[in-house]
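Below you'll find the structure, written out as structure tokens, and then a few comments.
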Protein chains: 4
Amino acid sequence: MKTRLAKAADTDPPLPVEDTKGRNRRQQILEAAARHFSARGFHATSMRDIAADVGFLVGSIYYHFDSKDALFVAVHGAAVDMMANAVQAALIDVVAPWDRLEAAAAAHCEALNGDNAFVGVVTPIFPVTVGELRNALAAQRDAYETMFMALIAELDLDANIDRNIFRLHVLSALNGTKFWYRPGGKTPSEIGRQLVSMLRPATAAR
Amino acid sequence: MKTRLAKAADTDPPLPVEDTKGRNRRQQILEAAARHFSARGFHATSMRDIAADVGFLVGSIYYHFDSKDALFVAVHGAAVDMMANAVQAALIDVVAPWDRLEAAAAAHCEALNGDNAFVGVVTPIFPVTVGELRNALAAQRDAYETMFMALIAELDLDANIDRNIFRLHVLSALNGTKFWYRPGGKTPSEIGRQLVSMLRPATAAR
Amino acid sequence: MKTRLAKAADTDPPLPVEDTKGRNRRQQILEAAARHFSARGFHATSMRDIAADVGFLVGSIYYHFDSKDALFVAVHGAAVDMMANAVQAALIDVVAPWDRLEAAAAAHCEALNGDNAFVGVVTPIFPVTVGELRNALAAQRDAYETMFMALIAELDLDANIDRNIFRLHVLSALNGTKFWYRPGGKTPSEIGRQLVSMLRPATAAR
Amino acid sequence: MKTRLAKAADTDPPLPVEDTKGRNRRQQILEAAARHFSARGFHATSMRDIAADVGFLVGSIYYHFDSKDALFVAVHGAAVDMMANAVQAALIDVVAPWDRLEAAAAAHCEALNGDNAFVGVVTPIFPVTVGELRNALAAQRDAYETMFMALIAELDLDANIDRNIFRLHVLSALNGTKFWYRPGGKTPSEIGRQLVSMLRPATAAR
DNA sequence: CATGAATGAGCATTCATTCAT
DNA sequence: AATGAATGAATGCTCATTCAT
């Protein structure tokens with residue numbers, strides 16, 4: 001699981017202030033972009049909005065990112081990595097296949113509806129329906145989806161169930177929460193767990 | 001279930017060409033708009049694109065629709081009505097609760113991934129995250145969702161399952177097909193049916 | 001003094017309803033136009049606004065008037081005639097030259113700031129600074145200004161006062177009230193009278 | 001009396017070309033805008049007209065000014081300041097109250113009808129009748145009008161003359177020249193002086 | 001690294017006007 | 001006399017992007 005971003009900063013010895021600055025700036029842009037894309041969507045977010053948030057002018061963003069598309073891809077990639085990490089962490093010490101899927105669903109749902117602006121960008125709202133951008137985003141999700149494929153491969157499912165479709169239905173339902181979840185009722189984690197409860201055969205009860 | 005649009009065309013005797021013209025133009029705009037919104041999304045579709053498709057100038061659209069938002073709402077409303085009709089039709093003569101849900105899921109999925117451009121607009125890609133437009137669209141979907149609520153109310157579900165969350169998960173999974181379905185493999189109808197198979201308790205087997 | 005409009009309706013025997021209708025429609029458009037031009041100005045008033053007020057569609061106005069400019073000229077002409085009538089009426093039985101000017105100033109000011117929408121159009125806000133329209137409007141005012149010229153010709157003024165400039169200053173001051181007069185304090189009539197008080201030599205005191 | 005604009009250019013030593021450039025561009029836009037607004041009015045002037053005059057594209061104006069309204073307010077503000085300066089300058093060494101008013105009237109009239117495009121914008125042709133813009137413009141004029149209030153306060157006027165109305169009449173008459181003055185006859189200065197001659201009591205003769 | 005300035009293309013919308021019916 | 005439908009040109013404004021400094 002790649003974690004292209006931020007990881008180095010965790011493990012490397014602290015750099016002198018001047019040296020970190022560059023990296024910081026990039027990170028700041030990324031965060032501001034995540035916040036805006038997440039709140040208003042790709043089209044409704046302008047490069048100016050993002051720049052203003054970081055405290056500099058539009059043109060300056062282009063030193064760090066080639067284009068708005070590239071910026072979005074970077075944010076999206078970071079988000080996917082974060083979600084992958086969250087799910088991996090939730091899986092530690094869980095062994096029974098259905099329990100593992102449930103833990104993953106809970107973690108996914110929680111990450112998606114938590115306060116992490118990055119992850120808000122991961123929803124199925126692809127900014128464009130076709131084109132290079134779409135492909136780039138799809139590629140980033142692939143590794144993540146593979147993780148779920150593995151989880152589902154271990155499930156004891158009825159023979160006539162297509163495991164690919166199973167996976168896509170599960171992830172769609174989970175991602176759909178982005179559109180309807182509102183704080184106050186069940187928690188995101190509970191909502192994710194209920195999905196797996198609905199699917200788990202009686203014979204695989206906990 | 002209202003069918004605000006296209007109804008007259010179904011039941012009325014064919015009108016002489018001159019009389020139909022007015023209705024045709026509006027309908028043509030609606031169809032072109034559906035095509036574009038569906039293919040490229042709300043933001044990426046310009047009024048000019050739509051006008052060009054119908055063969056007239058931008059300004060002329062405004063004789064028929066007050067604004068881009070209003071046009072989208074009209075398309076969306078028509079789409080929701082079409083889906084409702086499709087599901088209603090699929091329910092005729094089906095009586096067992098789980099069979100009814102399965103029929104509805106199949107019809108929904110088929111409508112969504114068929115060649116009807118209108119329906120392509122119904123997916124969870126709300127063009128805006130907040131605002132009047134969003135509310136208008138949500139209102140149009142309400143009647144439709146109520147239909148599914150009724151279907152689910154009749155299901156014999158485990159006591160600890162929240163039926164609201166059940167409905168939202170089902171519809172999210174179904175709508176999610178818009179993002180991944182590609183012709184060639186299983187049909188949309190089969191995909192919709194598999195979702196219900198996954199959920200149907202062994203005791204309620206067909 | 002011409003009163004191009006409405007006069008016929010006063011003196012002619014009442015026409016049968018159907019026959020009057022045409023004339024009424026024109027008159028209704030004129031009144032709606034006066035109301036809008038007066039309240040919002042020429043540019044900010046659209047033909048649609050006016051049409052809507054009369055209860056029909058834009059295109060229909062063009063049966064009665066050739067263009068927006070022509071409509072404005074018609075309104076303006078009617079307004080000038082109304083003011084001329086008001087001033088003429090105020091002059092009856094007033095004989096002393098300075099008293100005559102004062103009566104005229106009071107009448108002008110009252111007409112201008114009264115509730116007659118037509119007159120609201122007479123202010124120095126020429127909709128355009130150059131062009132045919134401007135000339136047409138200026139021509140309509142000529143007869144009116146001539147009236148004031150006659151009034152001023154009779155005044156016993158210092159030899160070094162240019163009577164043309166005198167007239168223009170007086171009318172400018174009077175018209176200027178349109179920009180600052182607000183009901184509540186002195187009446188328009190009193191304001192008009194004060195202007196003449198300011199100008200009247202001590203020896204010509206009342 | 002502030003002179004927000006152009007001041008630096010008067011007193012500072014000439015800047016090297018590169019340094020002036022930024023200020024020049026803004027100034028150029030301001031001047032082109034003044035020219036157009038003054039000649040054709042607010043509504044009839046398009047941002048494209050102004051941009052073309054400066055030699056760049058519409059969008060570029062928006063780097064310097066937030067909106068058409070803001071641009072107009074800037075031009076108007078500069079104009080009011082220029083007039084205030086002109087009047088102030090004309091008042092130096094003039095002491096007798098009526099002479100001071102006469103000097104001010106002459107300066108005002110001269111500025112208004114001179115070749116300064118900025119000032120052409122100050123006339124009572126408010127581009128809009130209501131709204132924020134109107135308020136902004138009114139505020140800019142306030143300081144200017146206060147100057148005239150002070151001048152009039154010192155005048156020895158008949159007790160029954162309302163000094164506020166006096167001021168408004170004087171300024172209206174002066175501003176009215178914008179609508180009728182044409183070069184060739186009396187100079188603007190003479191025209192302004194005549195207004196005060198007309199008002200000056202015989203006992204206050206020069 | 002970041003700014004200031006500008007580009008150029010695009011966008012939703014408005015509006016006076018026309019004209020066949 | 002009036003309508004419905006459309007035109008075509010313009011308008012204010014936004015935005016991703018570029019680039020010399």
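Just so you know, these numbers come straight off a predicted model, no measurement behind them. Note: hydrogens, waters and symmetry copies are ignored here, and every other heavy atom, side chains too, is used. Throughout, a chain's letter reflects where its sequence line sits, starting with A, and its residues are numbered from 1.
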(request) Report yes if at least one side-chain N or O of A:R25 is closer than 4.0 Å to OP1 or OP2 of E:dA2; otherwise report no. (result) yes
(message) Expressed as a whole number of angstroms, how long is the span from D:F65:CZ to E:dA6:C1'?
(response) 15 Å
(message) Return the NZ to OG1 distance between D:K68 and D:T45, rounded to the nearest 0.5 Å.
(response) 6.5 Å
(message) If the cut-off is 4.0 Å, is B:H64 near the phosphate of F:dG4, judged by side-chain N/O to OP1 or OP2?
(response) no
(message) Distance check, rounded to the nearest 0.5 Å: D:D69 atom CG versus D:F42 atom CZ?
(response) 4.5 Å
(message) Rounded to whole Å, how long is the line connecting atom CG of C:L133 with atom P of E:dA16?
(response) 14 Å
(message) Just the rounded figure in Å: distance from P of E:dG4 to CD1 of A:I61.
(response) 15 Å
(message) Over all strands shown, is B:F56 touching base, sugar-phosphate only, or nothing at heavy-atom distances under 4.0 angstrom?
(response) sugar-phosphate
(request) Can you see which heavy atom on D:L57 is nearest to which on D:A51, and at what distance? (result) C-CB, 3.8 Å
(request) Could you state the atom-to-atom distance from CD1 of C:I50 to P of E:dC15 in whole Å? (result) 11 Å
(request) Mind listing the closest non-hydrogen atom pair of B:A74 and B:F65 along with its distance? (result) CB-CE2, 3.8 Å
(message) Please encode protein proximity along nucleotides 13-18 of chain F as a string of B, S and -, counting only heavy-atom distances under 4.0 Å.
(response) BBBBBB
(request) Supply the atom-to-atom distance B:I50 CD1 to B:R35 CZ, rounded to the nearest 0.5 angstrom. (result) 10.0 Å
(message) Between C:N135 and C:E132 (side chain of the first, backbone of the second, donor and acceptor by atom type, cut-off under 3.5 Å), is there such a pair?
(response) no
(request) Nearest whole angstrom, please: distance from the C1' of E:dT13 to the CG of B:L57. (result) 14 Å
(request) Write down the partner of E:dC15 under the Watson-Crick or G-U wobble criteria, each distance required to be under 3.5 Å. (result) F:dG8
(message) Can you tell me which nucleotide in F:dA2, E:dA5, F:dA5 comes closest to the side chain of D:Y63?
(response) E:dA5
(request) Nearest whole angstrom, please: distance from the P of E:dC11 to the NE2 of B:H36. (result) 12 Å
(request) Take the protein atom CZ of D:F72 and the nucleotide atom P of F:dG12, then report the distance between them rounded to whole Å. (result) 14 Å
(request) Mark yes or no for whether D:Q140, through its side chain, and D:V80, through its backbone, hold a donor-acceptor pair below 3.5 Å. (result) no
